[in-house]
Amino acid sequence: MSQTTVIEKSTLPRITERTRGQKHGPITRLMSPSDFGRLLKPFVFLDLIDNQGTPFSGFGLHPHSGIATVTYIAEGSVRYEDTNGATGLLPAGGIEWMRAGGGVWHGGGLGEPGRTRGFQLWIALPPELELGPSESIYLSPQTIPTDGPVRVLIGSYGSATSSIKAPSPMNYLAVRLKAGERWSYQPPAGHTVLWTAVGKGSILVPDELQQGELVAFTSSSAAIEFGAQSDAEFVLGSAVPHKYHLVLGSHSVHTSVEALQQAQTRISDIHTRLIQEGRL
């Protein structure tokens, strides 16, 4: 006789917090360390980018330390440059990985004319990496591993694994569903941090989430099911919690005041060099 496993409703992941963030021009900050970032660390910042087709000058060279940034472009393109020597154009479906470590400067803006949509995520680094060398990786759409409707940006899902080495155990996925399609995600063991943000359309989890919303879920060992009410795109993050304090600078996140101070010295040194090179 076959047996059916019944999962109690109380054990299913459920929404604990939700937000539409704060909008500033084409950027909506959905997560920062003063709110969702403390709940969802190592994920500490999340920006939704959508210029609605309006020209936007972008951001000049600016510093980071103690974090890694992941920029995912769902539509359109962005320009990029960094002090590791990289410049170029990131098209739709591509990602920029910038592990700042002890200090780096980068910048960019919209690429080709038209609408650009995507997300930029900041990830807090553990002590062994927060003052280490910086690393920049730019991946074309063709090199992003996929499994069904999932593009694996960081970590792994199903048969797909990102070529980028995560700084700590985590998954960061971009998912596209057609209206009426369903998809489920089973958080790996230890991934008690879980959230999703909708970039296009609307989904049910089973509560309705619409474009521009971010939600945090309770920790659960059960799978969470997503249903698309319309053609939908969303990102999802899960991770082992970052157990360190968040010590903040103007463009930095570290685990201690001492680490932040060391990184600020390196950032200042790069600033001097950029001025000498005529780039600032």
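Below, all heavy atoms of this structure are taken into account, side chains as well, without hydrogens, waters or symmetry copies. In this chain, residues are counted from 1 in sequence order.
Side-chain contact check for Glu130 and Thr255: at least one donor-acceptor pair (N or O, by modelled atom type) lies under 3.5 Å. Checking Thr272 against Asp269 by side-chain atom types alone, no donor-acceptor pair falls below 3.5 Å. Side-chain contact annotation: Glu96 with Tyr80, donor-acceptor N/O pair under 3.5 Å absent.
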* Going through the checks in order, is the side-chain contact (heavy atoms from CB on, under 4.5 Å) test met by Asn51 and Arg115? -> CA-CA 6 Å; Asn51 73 327; Arg115 188 177 188 182; 3.8 Å; yes
* To do: Applying side-chain contact (heavy atoms from CB on, under 4.5 Å), run through Leu153 and Leu173 and close with a yes or a no.
  => CA-CA 5 Å; Leu153 309 182; Leu173 313 176; over 6 Å; no
* **Stepwise ring pair (Phe, Tyr, Trp, His ring centres under 6.0 Å) check, Trp195 with Phe36** => CA-CA 10 Å; Trp195 59 271; Phe36 276 68; 9.5 Å; no
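Under a 4.0 Å N-O distance rule, the pair Asp47/Arg29 qualifies as a salt bridge. Checked for salt-bridge contact, Glu75 and Lys200 miss the test: no charged N lies under 4.0 Å from a carboxylate O.
Open room surrounds NE2 on His245; 12 or fewer heavy atoms of other groups in view lie less than 6.0 Å from it. Around the CD atom of Glu112, the shell of radius 6.0 Å holds no more than 12 heavy atoms that belong to other residues, nucleotides or ligands. Within a 6.0 Å radius of NZ in Lys23, other residues, nucleotides and ligands contribute more than 12 heavy atoms. Crowding of Gln22 atom CD: a count of heavy atoms from other residues, nucleotides or ligands under 6.0 Å not exceeding 12.
Trp122 and His64 have perpendicular rings, their planes meeting at more than 60° on a 0 to 90° scale where under 30° would count as parallel. Relative ring orientation between Phe226 and Phe217 is described as perpendicular, the plane-to-plane angle rising above 60° on a 0-90° scale split at 30° and 60°.
Residues Tyr157 and Trp183 bring their aromatic ring centres within 6.0 Å.
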